[in-house]
Structures are given as C-alpha cells and as structure tokens.
Amino acid sequence: MEILLVEDNEADIRLTQEGIKETKIHNNLHVVRDGEEAMDFLYKRGDYRDAVTPELILLDLNLPKKDGREVLKEIKNDDALSHIPVVILTTSEAEKDIVKSYKLHANCYVTKPMGIDQFVEVIKAIEDFWFSIVKLPTEE
C-alpha cells in the first residue's frame, strides 16, 4: 500500500513512520514537507516524475508554501485524484477547520494526540481502518 504523508514537522514524521512500521500491513510511506511538494508528487512533476499514486493521503493543514486546505481542495476538484482518500491529521481542534475540511470533502479528520504512544496508536488505527476494513477503489 502506498501512503503519502504531507507533513512539515520532523517529530510527527518520525512518529508516523514508527506507527507504519508497527502495523501488520506492508506499506510504503512517502513524505513531502509542504503543499507545493505534495502537488508535485501527485501530478508527478519535477523530482517526482516517477512517483507512485498513493492509495491514502495523510494531510496536515498548516503547511508552508501551500496550506493543507488548498491542497485538499485541489485534490478533491481533480477527477484524476479525487478518489484518493484524504485523512486530515492535524493539531487543530478548531471547529472551523473541521467544518471547512469536510466541506472540501476530506474523508476524515483526526486530531494528533500529544503523547508518543497515542500518536503511534492513531496511525495504526488509521491504517487498519483504511487498508483492512474499507473497500477502496482501484485506479481506472
């Protein structure tokens, strides 16, 4: 399974990598650190010409260059990308961010827990749900 993590916080990247390692499912985690890099990855531009199409996107909202809301909007407005589930994984608990994310068609919204063990458990739960329970479309 191919997962794209769009995250600029190095500690959160490491915790996500740790959570991925602890799952029973073999997953490839691709990391980009800002919104522009995310779109280059998804559109296979520049350094990402050979990038895979992810089966799940973990998207932080507060990113440099192009924020997560803009990235989410662009993904969900593109017929070639809109089928990819996008999980908002952010520190924001603001109701306005939750509402806006769902209005932009986020598939779910998860607030990052503060503790290391809880963060790893959340990542494992996200993976289990999206890759073991949910039936995802295949690329056309």
Side-chain angles (χ1 to χ4, degrees):
M1 299 292 187
E2 306 291 340
I3 302 171
L4 176 61
L5 173 63
V6 187
E7 174 63 66
D8 63 322
N9 182 299
E10 289 300 322
D12 289 348
I13 291 169
R14 285 193 303 279
L15 289 172
T16 303
Q17 290 167 329
E18 187 63 34
I20 300 279
K21 281 183 200 170
E22 291 190 20
T23 61
K24 298 176 190 108
I25 305 164
H26 176 70
N27 293 304
N28 295 316
L29 182 67
H30 308 274
V31 179
V32 295
R33 288 169 172 77
D34 65 57
E36 287 179 6
E37 200 176 347
M39 298 319 300
D40 287 346
F41 186 99
L42 292 167
Y43 287 127
K44 303 175 190 313
R45 298 186 293 224
D47 292 340
Y48 300 104
R49 283 185 307 278
D50 298 323
V52 298
T53 299
E55 292 155 293
L56 179 68
I57 299 170
L58 302 176
L59 178 63
D60 188 20
L61 288 181
N62 301 310
L63 297 166
K65 297 185 181 177
K66 179 184 277 199
D67 91 348
R69 296 157 198 84
E70 294 172 90
V71 171
L72 177 61
K73 184 177 183 178
E74 194 168 338
I75 290 168
K76 293 303 181 177
N77 284 326
D78 186 318
D79 287 339
L81 302 174
S82 63
H83 71 282
I84 303 170
V86 178
V87 174
I88 302 301
L89 186 59
T90 187
T91 55
S92 175
E93 294 183 18
E95 187 67 19
K96 66 181 174 67
D97 286 335
I98 297 167
V99 169
K100 181 161 185 159
S101 294
Y102 281 115
K103 282 186 177 181
L104 292 172
H105 305 290
N107 295 89
C108 68
Y109 191 102
V110 178
T111 303
K112 295 176 188 173
M114 298 308 285
I116 293 169
D117 292 337
Q118 295 91 345
F119 192 100
V120 170
E121 286 302 314
V122 164
I123 296 301
K124 288 169 32 180
I126 289 169
E127 275 193 296
D128 187 45
F129 179 76
W130 286 104
F131 295 136
S132 297
I133 297 171
V134 173
K135 182 75 174 162
L136 296 173
T138 55
E139 279 188 81
E140 295 181 30

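Source: prediction; values computed, not measured.
When side chains are defined from C-beta on, Leu58 does not count as touching Val110, because their heavy atoms never get closer than 4.5 Å. Contact annotation: the side chain of Ile3 never approaches that of Pro54 to less than 4.5 Å [non-hydrogen atoms, C-beta and beyond]. Annotation: side chain of Asp12 is in contact with side chain of Lys112 (closest heavy-atom distance under 4.5 Å). Counting heavy atoms from C-beta outward, Leu72 and His105 have side chains that stay 4.5 Å or more apart. Using a 4.5 Å cut-off on side-chain heavy atoms (C-beta onward), Asp40 and Arg49 make no contact. Here the side chains of Gln17 and Leu29 are in contact, with some heavy-atom distance below 4.5 Å. Two residues are said to be in side-chain contact when any heavy atoms from C-beta on lie closer than 4.5 Å; Cys108 and Trp130 meet this criterion.
Judged by distance alone, with hydrogens and angles left aside, the side-chain atoms of Tyr109 form no donor-acceptor pair with the main-chain N or O of Asp97 at under 3.5 Å. No donor-acceptor pair under 3.5 Å is formed between the side chain of Glu2 and the backbone N or O of Glu55. Side-chain atoms of Glu70 come within 3.5 Å of backbone N or O of Asp67 as a donor-acceptor pair. Side chain of Glu37 to main chain of Arg33: a donor-acceptor pair is present (N/O by atom type, distance under 3.5 Å, no hydrogens or angles).
Contact record, Thr90 with Ile88: CG2-CG2, 3.8 Å, taken as the closest heavy-atom pair. Of all non-hydrogen atoms in Asn107 and Pro85, the two that sit nearest each other are OD1-CA, 3.2 Å.
The cluster map of Ile, Leu, Val, Met, Phe, Trp and Tyr, joined by side-chain heavy atoms under 4.5 Å apart, puts Phe129 and Met1 in the same cluster. Residues Tyr102 and Val71 share a hydrophobic cluster, clusters being chains of Ile/Leu/Val/Met/Phe/Trp/Tyr side chains in contact below 4.5 Å.
Of the candidates Ile57, Leu42, Val86, Leu81 forms a side-chain contact (heavy atoms from CB on, under 4.5 Å) with just one, namely Leu42.
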**Request:** Check step by step if side-chain contact (heavy atoms from CB on, under 4.5 Å) holds for His83 and Asp78.
**Result:** CA-CA 9 Å; His83 71 282; Asp78 186 318; over 6 Å; no

**Message:** Walk me through whether Asp34 and Lys66 qualify under side-chain contact (heavy atoms from CB on, under 4.5 Å).
**Reply:** CA-CA 7 Å; Asp34 65 57; Lys66 179 184 277 199; over 6 Å; no

**Message:** Determine whether Ile13 and Leu5 satisfy the following criterion, side-chain contact (heavy atoms from CB on, under 4.5 Å), listing intermediate values before the conclusion.
**Reply:** CA-CA 8 Å; Ile13 291 169; Leu5 173 63; 4.2 Å; yes

**Request:** Step by step, work out the side-chain contact (heavy atoms from CB on, under 4.5 Å) result for Glu36 and Leu63.
**Result:** CA-CA 9 Å; Glu36 287 179 6; Leu63 297 166; over 6 Å; no

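Residues meeting the ring pair (Phe, Tyr, Trp, His ring centres under 6.0 Å) test with His30, sequence neighbours left out: Phe41. Partners of Asn9 according to the side-chain hydrogen bond (donor to acceptor under 3.5 Å, both in side chains) rule, which considers only residues two or more places apart in sequence or in another chain, do not exist here.
Rounding to the nearest 0.5 Å gives a distance of 9.5 Å between CG of Asp60 and OG1 of Thr16. In this structure, Leu59 CG and Ile75 CD1 are separated by 6.0 Å, a value rounded to the nearest 0.5 Å. For the atom pair CG (Asp117) and CG (Leu15), the distance works out to 9.5 Å, reported to the nearest 0.5 Å. Separation of atoms CD1 (Ile123) and CG (Leu89) is listed at 5.0 Å; rounding is to 0.5 Å.
Other residues, nucleotides and ligands contribute over 12 non-hydrogen atoms within 6.0 Å of the NZ atom of Lys76. Counting heavy-atom neighbours within 6.0 Å of Lys73 NZ, excluding the residue itself, gives a total of 12 or less. Around the CD atom of Glu10, the shell of radius 6.0 Å holds more than 12 heavy atoms that belong to other residues, nucleotides or ligands.
With respect to Lys124 and Glu127, no salt bridge is recorded, no charged nitrogen being found less than 4.0 Å from a carboxylate O.
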